[in-house]
Asker: 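Questions regarding the structure given below will be posed in turn.
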Amino acid sequence: MMDFKQYIRDIADFPKPGIVFRDITPLLANAEAFHGVVDVIVDRYRGAVDMVLGIESRGFIIGAPVAYALGCGLAVVRKPGKLPALTFTAEYALEYGQDRLEIHQDAFGHPTRVLIVDDLLATGGTAGAAVELVQRLGGQIAACAFVIELIGLNGRERLRPHAAFSILQY
C-alpha cells in the first residue's frame with residue numbers, strides 16, 4: 001500500500017490553539033494518492049453497501065468517488081440550514097465545541113446498508129451524529145470509513161457496536 005502519510009500536512013493551532021489539524025488537501029491534489037485512498041475503501045466494502053453517506057465537507061470529497069466506484073448512491077449530511085427539504089437533526093460535541101448535522105428525511109429508503117465516509121475520526125462526535133441520522137431514517141450502518149483516525153481521542157469507542165475502519169492512524 002502507498003505511504004499516504006507523506007501527503008498529510010499538519011497545521012498547528014487550527015482551528016484553535018492546541019489543535020493539530022491533519023490537512024488532506026495535499027493528498028487530494030495528488031492523483032495517485034487520491035485514487036489510492038478511494039481504492040482502499042472501495043476494495044474493502046465492495047458488495048457490502050447500498051448507499052454511501054458523506055459527512056460535510058471533506059466526507060463529500062472522499063464519499064462521492066467511493067459511491068461511484070461501488071455503484072451506489074451518495075447521501076449527504078450537512079450543517080444546519082444547508083439542505084432545502086425537510087430534515088432530521090442530530091447534535092454532537094466536537095473536540096473544540098458543539099455543532100449539529102442534518103440529513104434530508106428522504107435521503108434513502110430502508111432497509112439500506114449505509115457506509116459512512118469522512119476524512120477524519122477524532123472524538124467520534126461527528127460520525128456518531130451521522131450514525132444517529134442514518135438510524136432515524138431506518139438505515140443499517142454497514143461501517144464507518146475514514147482516511148485518518150486520531151487514536152488518542154478514542155472516537156472508535158463512541159461508534160461501537162458499529163465497525164470503524166481508518167487508513168491512517170496518528
Asker: Taking the side chain as every heavy atom from C-beta outward, state whether Lys79 and Asp99 have any atom pair closer than 4.5 Å.
Answerer: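 They are in side-chain contact.
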
Asker: Is any side-chain heavy atom of Val131 closer than 4.5 Å to a side-chain heavy atom of His162?
Answerer: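 Yes; the side chains approach each other to less than 4.5 Å.
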
Asker: May I ask you to test the Glu102-Lys82 pair for a side-chain heavy-atom distance under 4.5 Å?
Answerer: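 Not touching, per the 4.5 Å side-chain cut-off.
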
Asker: Cluster question for you: counting only ILVMFWY and a side-chain heavy-atom cut-off of under 4.5 Å, with indirect links fine, are Tyr7 and Met1 together?
Answerer: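 Yes, Tyr7 and Met1 fall within the same hydrophobic cluster.
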
Asker: So which atom in Gly139 and which in Phe108 form the shortest heavy-atom distance, rounded to 0.1 Å?
Answerer: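 For Gly139 and Phe108, the tightest heavy-atom pair comes out as CA-CE1, 3.8 Å.
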
Asker: Is the number of heavy atoms from other residues, nucleotides or ligands under 6.0 Å of Glu157 CD greater than 12?
Answerer: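 It does: Glu157 CD has more than 12 such atoms within range.
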
Asker: Is the closest side-chain heavy-atom distance between Val49 and Leu70 below 4.5 Å?
Answerer: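 They are in side-chain contact.
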
Asker: Search all heavy atoms of Ala75 against all heavy atoms of Met51 and return the closest pair with its distance.
Answerer: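 Looking at all heavy atoms of both residues, the shortest contact is N-SD, 3.6 Å.
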
Asker: Kindly say whether Pro26 contributes a backbone atom to a donor-acceptor pair with the side chain of Arg9 at under 3.5 angstrom?
Answerer: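 Absent.
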
Asker: Give the intermediate values and the outcome of salt bridge (Lys or Arg N to Asp or Glu O under 4.0 Å) for residues Arg46 and Asp43.
Answerer: CA-CA 6 Å; Arg46 189 178 310 281; Asp43 290 347; 3.8 Å; yes

Asker: Ignoring hydrogens, what is the shortest heavy-atom contact between His104 and Leu137? Give both atom names and the distance.
Answerer: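 Closest approach of His104 to Leu137: O-CD1, 3.8 Å.
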
Asker: For Leu121, does its backbone N or O pair with a side-chain atom of Glu149 as donor and acceptor, under 3.5 Å?
Answerer: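 No, because the side chain of Glu149 does not come within donor-acceptor range (under 3.5 Å) of the backbone of Leu121.
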
Asker: Does Arg100 qualify as a cation-pi partner of Tyr92, given the criterion of NZ or CZ under 6.0 Å from the six-membered ring centre and within 45 degrees of its axis?
Answerer: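 No, Arg100 does not sit over the ring of Tyr92.
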
Asker: Out of curiosity, Arg156 CZ to Phe146 CZ, how far, rounded to the nearest 0.5 Å?
Answerer: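 If we round to the nearest 0.5 Å, Arg156:CZ and Phe146:CZ are 8.5 Å apart.
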
Asker: Which residue in the set Ile41, Ile55, Asp118 passes side chain to side chain contact (heavy atoms under 4.5 Å, CB included) when paired with Ile62?
Answerer: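 When side chain to side chain contact (heavy atoms under 4.5 Å, CB included) is applied between Ile62 and each of Ile41, Ile55, Asp118, only Ile41 qualifies.
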
Asker: Could you report the tightest heavy-atom contact between Ala90 and Ala129, atom names first, then the distance?
Answerer: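 Between these two residues, the closest heavy atoms are CB-O, 3.8 Å.
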
Asker: Considering non-hydrogen atoms only, spot the tightest contact between Leu150 and Ala122 and give its length.
Answerer: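 Closest approach of Leu150 to Ala122: CD1-CB, 4.1 Å.
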
Asker: Out of the candidates Leu53, Leu159, Val77, Thr126, only one should pair with Ile116 under the side chain to side chain contact (heavy atoms under 4.5 Å, CB included) rule; please name it.
Answerer: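 The single option meeting the side chain to side chain contact (heavy atoms under 4.5 Å, CB included) with Ile116 is Leu53.
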
Asker: With a 4.5 Å heavy-atom cut-off, do Ile167 and Val37 have their side chains touching?
Answerer: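 In short, these two side chains touch, coming nearer than 4.5 Å.
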
Asker: Pick one: which of Thr25, Asp23, Asp119 meets side-chain hydrogen bond (donor to acceptor under 3.5 Å, both in side chains) with Arg58?
Answerer: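 Between Arg58 and the candidates, side-chain hydrogen bond (donor to acceptor under 3.5 Å, both in side chains) is satisfied uniquely by Asp119.
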
Asker: Roughly how far, to the nearest 0.5 Å, is the SG atom of Cys72 from the CG atom of Asp50?
Answerer: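 Here the rounded value is 6.5 Å.
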
Asker: Heavy atoms, side chains only, cut-off 4.5 Å: are Asn154 and Thr123 in contact?
Answerer: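 Not touching, per the 4.5 Å side-chain cut-off.
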
Asker: At what distance, to the nearest 0.5 angstrom, does OH of Tyr170 lie from CZ of Arg22?
Answerer: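 Between atom OH of Tyr170 and atom CZ of Arg22 there are 5.5 Å.
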
Asker: Rounded at 0.5 Å granularity, tell me how far CG in Leu83 sits from CZ in Phe88.
Answerer: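 The CG atom of Leu83 sits 13.0 Å away from the CZ atom of Phe88.
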
Asker: Less than 4.5 Å apart, side chain to side chain, heavy atoms only: is that true for Thr112 and Gln140?
Answerer: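 Heavy-atom side-chain distance check fails, nothing below 4.5 Å.
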
Asker: Quick check: closest heavy atoms across Val66 and Val52, and the distance to 0.1 Å?
Answerer: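 Distance-wise, the nearest heavy atoms are CG1-CG2, 4.1 Å.
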
Asker: For the atom pair OG (Ser166) and CG (Leu120), what is the distance rounded to the nearest 0.5 Å?
Answerer: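 Result: 9.5 Å between the selected atoms.
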
Asker: Evaluate side chain to side chain contact (heavy atoms under 4.5 Å, CB included) for Phe4 paired with Val147, printing each intermediate quantity in order.
Answerer: CA-CA 9 Å; Phe4 297 117; Val147 176; over 6 Å; no

Asker: For the atom pair CD (Glu32) and CG (Leu27), what is the distance rounded to the nearest 0.5 Å?
Answerer: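 Going from CD on Glu32 over to CG on Leu27, the span is 10.5 Å.
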
Asker: To which residues is Ile11 joined in a hydrophobic cluster, defined by side-chain heavy-atom contacts under 4.5 Å among Ile, Leu, Val, Met, Phe, Trp and Tyr, whether direct or through other members?
Answerer: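 So far as hydrophobic clustering goes, Ile11 is joined with Phe14, Phe21.
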
Asker: With the side chain counted from C-beta on, respond yes when Leu101 and Ile103 share a heavy-atom pair under 4.5 Å apart, and no when they do not.
Answerer: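 In short, these two side chains do not touch, never coming nearer than 4.5 Å.
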
